[in-house]
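Let me begin by presenting the structure, written as structure tokens, before commenting on it.
The analysis underlying the following values was restricted to heavy atoms, covering all of them including side chains, and did not include hydrogens, waters or symmetry mates.
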Amino acid sequence: MSTPTLQLPNELNLSPHLSAHKYFLVCTLTVAAWDSLVLSPRTWRLWKTQGWPALKILFHFLRVWMPVEFIIVSVAFFDTKWPISSCEKFYLFEPIATAVLLAANSAVHVIRIHAIYDKNRTVLYLMGALFALQIVVTAIACGFYRSVPLLQGQGCIAGPRHNWVGIYWVAPTLLYTVSLGLALMRSISSLQQRPLGAWKLMLRDGLNLYGAIWIVNMANVLFWFIITPDDKADPIKTIVTSMAAVLTTSMTLRIILSVRGTLDHGGSFALSASTGGTSSRTTHVISGRSGNHATNISTHTPHTYTLDDLRSKPEGEWPSADGDTKSSVHLAEDGIKGLARADSHNAGVKITIDREIGYDDTERYRK
């Protein structure tokens, strides 16, 4: 008597590569959800800042577009009741939406690299040309995708018709390679002005972020052209694409958040924000007390005087130790004229000093 064979439903009867594709997409969704949660406080703080420069607009666009895209893609992939006829109309959503996502990420790189090179036109033309090439290539490649022929209940996936469609990922990877190279060159050249250790240099300029973007995109390109699928229903070529898109977006968001100071015109180079001097104004109160002639210094007073004010006002009077309020102290010596003003309730002089502070010698004053 023969034993009946167990026939699994289509949604469970998956090939090894298709099963791996589903597990990898779950990992991708986990990374996207974690990233959205972790960046929420910083997103809110950025939202409350004044103005809407290009980097701020791109940041909030990426924050919304990336999770929405992959939620829709995952629904089509994991829904066992998704009809094949609907897949034939839907499969272009993923390559088109990802092309838009990559374009927004690349725009951030163009703006940022142009900014750290002090608005150098040559850099702008180079990055702009690579960006335009990416837009054209991804748009053309989208027309050569197809619906992977899966069984009913196994989901809906977009795959390439030909192997050369992998140029869809070659174009942005080329841009990210140049972006990493230019960022690295800019950081190394800054060492002539301010020597810094390799680890601190990497964190200061976000080289780890540029490097992570390059690594994940290069791995995706190599995977696309090296791995050979078993048949037309094998989605092995696109197994890494979703993770590459999510990690590229995650690192690009952090490149924006790492900009010191304002985001206007792409921000400035980290060293530029830390080498200048800024004016610091300190207000001191010097009061004389009857009897012991004690001198107190405070930085919180109801009234302040600048040296310009002191030069333009008549000399005041100080109370003497024996209660005589008629004696005066002149604060003019070596060409500096000042005034000590006293009142009957709080005798003293309040001086505001403007001074220049250089921020080259310590990192904790960087913007």
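Considering only heavy atoms from C-beta on, Leu101 comes within 4.5 Å of Phe70 through its side chain. Between Thr43 and Ser40, every side-chain heavy-atom pair lies at or beyond the 4.5 Å cut-off. Looking at Val170 and Phe225, their side chains come closer than 4.5 Å, going by heavy atoms from C-beta outward. Between Val100 and Phe61 there is a side-chain heavy-atom pair separated by less than 4.5 Å. Using a 4.5 Å heavy-atom cutoff, the side chains of Val108 and Ile256 are in contact. Residues Leu180 and Ile213 have side chains not in contact (no heavy-atom distance under 4.5 Å, counting atoms from C-beta outward). Side-chain atoms of Met127 and His114, non-hydrogen and from C-beta on, never get closer than 4.5 Å to each other. Taking 4.5 Å as the limit, every side-chain heavy atom of Leu133 sits out of range of all side-chain heavy atoms of Leu175.
For the pair Trp65 (side chain) and Ala97 (backbone), a donor-acceptor distance under 3.5 Å is present. In this structure a side-chain-to-backbone donor-acceptor pair under 3.5 Å is missing from Glu88 to Arg146. In this structure, Glu69 contributes its side chain and Met66 its backbone to no donor-acceptor pair below 3.5 Å. When atom types are taken as modelled, the side chain of Ser19 and the backbone of Ser15 share no donor-acceptor pair closer than 3.5 angstrom. Ser106 contributes no side-chain N or O that, together with a main-chain N or O of Ala103, makes up a donor-acceptor pair within less than 3.5 Å. No donor-acceptor pair under 3.5 Å is formed between the side chain of Thr238 and the backbone N or O of Thr241.
Linking ILVMFWY side-chain heavy atoms closer than 4.5 Å, directly or via other members, places Met185 and Leu130 in a single hydrophobic cluster. Under the 4.5 Å side-chain contact rule for hydrophobic residues, Val75 and Val64 share a cluster. Residue Trp199 is grouped with residue Leu184 when hydrophobic side chains (ILVMFWY) are merged at heavy-atom distances under 4.5 angstrom, including chains of intermediate members. If you chain together hydrophobic residues whose side chains sit under 4.5 Å apart, Leu203 and Ile116 never meet in one group. If you chain together hydrophobic residues whose side chains sit under 4.5 Å apart, Leu174 and Ile140 fall into the same group.
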Checklist entry - Which is it for Lys237 and Ile227 under the side chain to side chain contact (heavy atoms under 4.5 Å, CB included) test, yes or no, and what are the steps along the way? => result CA-CA 7 Å; Lys237 281 187 174 293; Ile227 300 298; 5.5 Å; no
Item to check | Residues Asp234, Leu18; criterion side chain to side chain contact (heavy atoms under 4.5 Å, CB included); working and verdict | outcome: CA-CA 7 Å; Asp234 190 354; Leu18 181 58; over 6 Å; no
Next on the checklist: What verdict does the side chain to side chain donor-acceptor pair (under 3.5 Å) test give for Ser190 and Arg204, after you've listed the backbone C-alpha separation in whole Å, the side-chain angles of each residue and the deciding distance to 0.1 Å?
Outcome noted: CA-CA 11 Å; Ser190 70; Arg204 187 197 70 182; 3.0 Å; yes
Checklist entry - Between Asp205 and Phe269, is a side chain to side chain contact (heavy atoms under 4.5 Å, CB included) present by the stated rule, with each step listed? => result CA-CA 8 Å; Asp205 298 338; Phe269 186 58; 3.7 Å; yes
Next on the checklist: Set out, in order, the CA-CA distance, both residues' side-chain angles and the distance that settles side chain to side chain contact (heavy atoms under 4.5 Å, CB included) for Val165 and Tyr145, then state yes or no.
Outcome noted: CA-CA 8 Å; Val165 180; Tyr145 272 80; 3.8 Å; yes
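Using modelled atom types and a 3.5 Å distance limit, the side chains of Thr248 and Asn217 yield a donor-acceptor pair. A donor-acceptor contact closer than 3.5 angstrom is absent between the side chains of Thr252 and Arg112. A donor and an acceptor atom, one from each side chain of Ser250 and Asp35, are located under 3.5 Å apart.
Across all their heavy atoms, Thr98 and Ala245 have their closest contact at CG2-CB, 4.1 Å. Taking each heavy atom of Ala183 and Ile113 in turn, the nearest pair found is CB-CD1, 4.1 Å. Considering every non-hydrogen atom in both Pro41 and Val38, the closest pair reads CD-O, 3.4 Å. Nearest heavy-atom pair, Leu150 versus Ile157, reported as atom, atom and distance to 0.1 Å: CD1-CD1, 3.7 Å. Of all the heavy atoms in Leu92 and Cys142, the pair that sits closest is CD2-O, 3.2 Å. In terms of heavy atoms, Leu102 sits closest to Tyr176 at O-OH, 3.5 Å.
With rounding to the nearest 0.5 Å, the separation of CE in Met243 from OG1 in Thr28 is 3.5 Å. In this structure, CZ on Arg186 lies 10.5 Å from CG on Asn120, to the nearest 0.5 angstrom. For the atom pair Ile255 CD1 and Leu207 CG, the distance stands at 9.5 Å (nearest 0.5 Å). Once rounded to the nearest 0.5 Å, the distance linking OH of Tyr91 with CD1 of Ile96 reads 9.0 Å. Considering CE of Met251 and CZ of Arg254, their distance stands at 5.0 Å, rounded to 0.5 Å. Taken from CH2 in Trp169 to CD in Gln134, the straight-line distance is 9.5 Å, to the nearest 0.5 Å.
Annotation: Lys89, atom NZ; neighbour count of heavy atoms from other residues, nucleotides and ligands within 6.0 Å does not exceed 12.
Residues satisfying the side chain to side chain donor-acceptor pair (under 3.5 Å) criterion with Glu94, sequence neighbours excluded, are absent altogether.
With respect to the salt-bridge test (charged N to carboxylate O, under 4.0 angstrom), the residues Lys56 and Asp264 do not qualify.
Considering Val26, Ile239, Val240 as possible partners of His21, the one that fulfils the side-chain contact (heavy atoms from CB on, under 4.5 Å) test is Ile239. A side-chain contact (heavy atoms from CB on, under 4.5 Å) with Leu263 is found for one member of Thr49, Leu55, Leu58 and no other, namely Leu55.
Screening residues 175-218 for disulfide (SG to SG under 2.5 Å), with sequence neighbours left out, gives no hits.
Between Trp82 and Phe77, a ring centre-to-centre spacing not shorter than 6.0 Å is recorded. The ring of His109 has its center no closer than 6.0 angstrom to the ring center of Phe131. A distance of 6.0 Å or more separates the ring centres of Trp224 and Tyr168.
Classified by interplanar angle (parallel below 30°, tilted 30° to 60°, perpendicular above 60°), the ring pair Trp52/Trp47 is perpendicular.
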